[in-house]
Amino acid sequence: MLQKVLWASCVLALSVVGTPAFAATVRIAEHRQARIEALKAVIPDIEKQTGVDIELVEYPGPDREYVSKLLTEIAAGAGPDVFSLPSISQVVDFATAGYLQDVTEEVKASDAYSNFYDITKKAATFDDGKIYVMPTMLSVQQLFFRRDILEKAGISTEQPKDWNDLLQRSIDAKAKTGSYALMLPMGVTWGSGSFVESFRFLIAGSSTPQIASADGKLDLTSKGVGEVFGFYEQMVANKLLPVDPLLGPEPWVIPKYEMFPAGKLLITSCGSWCYIFDWGPKSKNPIPDVTKTVGTWAVPGKDGGQYVMVDLSHPWAVNTSASDPDAAKNVLKAMGSVKLMVSYAANEGNLPSRKDAVDDTEFQKLTALVPLMKDLDRGAYLKSAPGFSTVMEGVGRATEALLLEKADAAGAQKILVDYVKATLGDDVVK
């Protein structure tokens, strides 16, 4: 009898050693198929590292629908334990509403933190020193240009020195080639892109490079905002960008996916993913030898200087209503791994937030992305604040008025200020 008991005990001990004993289940929400596949690839590693069972909850649909669904569920005290948010603007809104756990301790204790780029730390840290997200991927945007066509036309492909240099070069390129020369997203139907892929490019190099002021107000009456609208006004006046497509329901399709590949648009804003998905091997309309045919410029400042625009791309947060907060935070900490970042880079084309990711053998295979990592040392970003989503909507309205030539720069700035005041109140705008 004693031998049977000892034998059973040994079998039980071996089964515990050989099979992970999950202490908790953490539900992680992810959306869009490419992101879902990226996460699936690393879930076994997260489970092994944390001893937590991961349940993946798939949320289909674009960012706006995903955020709306998350907001509804979390406001009701439900929703996933861990989830991503598209950008720092949503992080600010969710944290202000009390929906996010403070994860400062966990992020700083992770092996990722000491390897983060400085701009990663700055973008993830609130003014009070708190951190609410694990920043895994960076959205890195700059100007992309058709090197082949500009060189053939005798137009310089050197880095533009300032706004005037960029504007004059675009005017010359249009005159010599007959193609639209410079497009930055504008208008209402582009949604947040009119701000994220356009307005913030310029405001960061203007006389007033931030909108969110230290007193918590939105500085929209500044000289810099007027300068940005003045640059837009010049683009429209010189007919540098195609207006009709920008007023359509999917304004990005014709300029980005048809005109640029065809050489009918020469310079546009875009991000690291464009080398892979917009015009590269995974595009429906690829440009041959894209990394040589298409070059990149940093964004020039109004009066000089160069930078690329950096934002946190879908950083990870913990729900304040998480069923097991400690387990969820432990999972979040593990999600700062190089392996997760490389998986997302391969599937989405954004860049890892860790410096040491560039040495990873799998990341080195992403030859279009590797050279772009050096640009992170000259990254610029816009601080976010409550109400930024309203600012984005206001920029769309103001730039559409410019496209339709119903307003000049001063009129566009007034449209933005009036819209934000009407929506959020006069005391919000500086």
Side-chain angles (χ1 to χ4, degrees), residues 64 89 143 163-164 166-168 170-171 173-175 178-208 211 218-256 258-260 264-270 299 302 382 387-426 428-430:
R64 182 178 293 183
S89 297
L143 298 175
W163 288 5
N164 285 336
L166 175 62
L167 189 66
Q168 187 59 54
S170 301
I171 292 171
K174 185 174 189 295
S179 296
Y180 290 107
L182 175 62
M183 188 199 72
L184 299 176
M186 296 171 65
V188 173
T189 55
W190 204 301
S192 62
S194 293
F195 180 91
V196 173
E197 299 179 52
S198 182
F199 187 86
R200 69 173 185 152
F201 274 51
L202 298 175
I203 197 69
S206 73
S207 299
T208 46
I211 293 174
L218 299 170
D219 191 5
L220 302 179
T221 60
S222 70
K223 181 181 179 181
V225 171
E227 290 168 350
V228 173
F229 286 130
F231 188 87
Y232 285 143
E233 187 177 8
Q234 287 297 309
M235 284 201 301
V236 174
N238 286 283
K239 302 186 186 305
L240 298 180
L241 72 169
V243 173
D244 288 346
L246 298 184
L247 301 173
E250 293 184 316
W252 49 85
V253 172
I254 293 176
K256 285 280 186 79
E258 296 179 14
M259 297 180 73
F260 193 81
K264 300 301 181 183
L265 172 64
L266 306 180
I267 307 166
T268 184
S269 60
C270 211
V299 183
K302 177 181 178 294
L382 249 57
F388 246 50
S389 58
T390 301
V391 174
M392 292 180 188
E393 292 168 7
V395 166
R397 292 166 180 257
T399 54
E400 182 148 318
L402 286 167
L403 279 175
L404 296 171
E405 298 185 77
K406 292 183 177 180
D408 58 8
Q413 187 168 11
K414 185 176 187 302
I415 289 171
L416 171 61
V417 170
D418 288 350
Y419 179 76
V420 175
K421 283 185 174 181
T423 305
L424 301 177
D426 289 357
V428 172
V429 178
K430 183 176 179 179

4.5 Å side-chain heavy-atom contact, L182 and L241: no
Least distance between heavy atoms, I415 atom then A401 atom: CD1-CB, 3.5 Å
Which residues share a ring pair (Phe, Tyr, Trp, His ring centres under 6.0 Å) with F231, sequence neighbours left out: W163
Spacing of S198 atom OG and M183 atom CE [to the nearest 0.5 Å]: 8.5 Å
S89 OG to M392 CE distance, which is reported to the nearest 0.5 Å: 3.5 Å
Side-chain heavy atoms of S170 within contact of L240, under 4.5 Å: yes
NZ/K414: more than 12 non-hydrogen atoms of other groups inside 6.0 Å: no
Closest approach of L202 to Y232 (non-hydrogen atoms, all atoms of both residues): CD1-CE2, 4.1 Å
Taking only distance into account, with no hydrogens and no angle test, what donor-acceptor pairs under 3.5 Å do side-chain atoms of residues 402-409 form with protein atoms, sequence neighbours excluded?
residue: D408; atom: OD1; partner: A410; partner atom: N; Å: 3.3
residue: D408; atom: OD1; partner: G411; partner atom: N; Å: 2.8

Note, I211 side chain near F199 side chain (heavy atom, < 4.5 Å): yes
Side chain to side chain contact (heavy atoms under 4.5 Å, CB included) between R397 and V188, worked out: CA-CA 6 Å; R397 292 166 180 257; V188 173; 4.2 Å; yes
Side-chain donor/acceptor of T399 to backbone N/O of G187, under 3.5 Å: yes
Results of salt bridge (Lys or Arg N to Asp or Glu O under 4.0 Å) for E197 - residues two or more places apart only: K256
Candidate pair L424 and L218, rule side chain to side chain contact (heavy atoms under 4.5 Å, CB included), full reasoning: CA-CA 11 Å; L424 301 177; L218 299 170; 4.2 Å; yes
Minimum side-chain heavy-atom gap L246-W252 below 4.5 Å: no
Non-hydrogen atoms of L382 and A204 that approach each other most closely: CD1-CB, 4.2 Å
Min side-chain heavy-atom separation P245-P251 under 4.5 Å: no
Where M259 and P242 come nearest, the two heavy atoms and their spacing: SD-CG, 4.0 Å
Verdict with reasoning, E227 to S207, per side-chain hydrogen bond (donor to acceptor under 3.5 Å, both in side chains): CA-CA 8 Å; E227 290 168 350; S207 299; 2.5 Å; yes
From CD (E400) to CG (L247), nearest 0.5 Å: 5.5 Å
Check: S206 side chain, T208 main-chain N or O, donor-acceptor pair, under 3.5 Å: yes
Separation of L416 CG from K421 NZ (nearest 0.5 Å): 11.0 Å
Side-chain heavy atoms of I203 within contact of R200, under 4.5 Å: yes
Non-hydrogen atoms of P185 and G193 that approach each other most closely: CB-O, 3.7 Å
Minimum side-chain heavy-atom gap V417-V420 below 4.5 Å: no
Test item: K264 and Y180 side chains (from C-beta on) under 4.5 Å apart, heavy atoms: no
Interatomic spacing from CD1 in I171 to CE in M235 - rounded to 0.5 Å: 11.5 Å
Point-to-point distance, once rounded to the nearest 0.5 Å, from CD1 of I267 to NZ of K174: 13.0 Å
Ring centre gap for F201 and F195 strictly below 6.0 Å: no
Worked check of side chain to side chain contact (heavy atoms under 4.5 Å, CB included) between V225 and T221: CA-CA 7 Å; V225 171; T221 60; over 6 Å; no
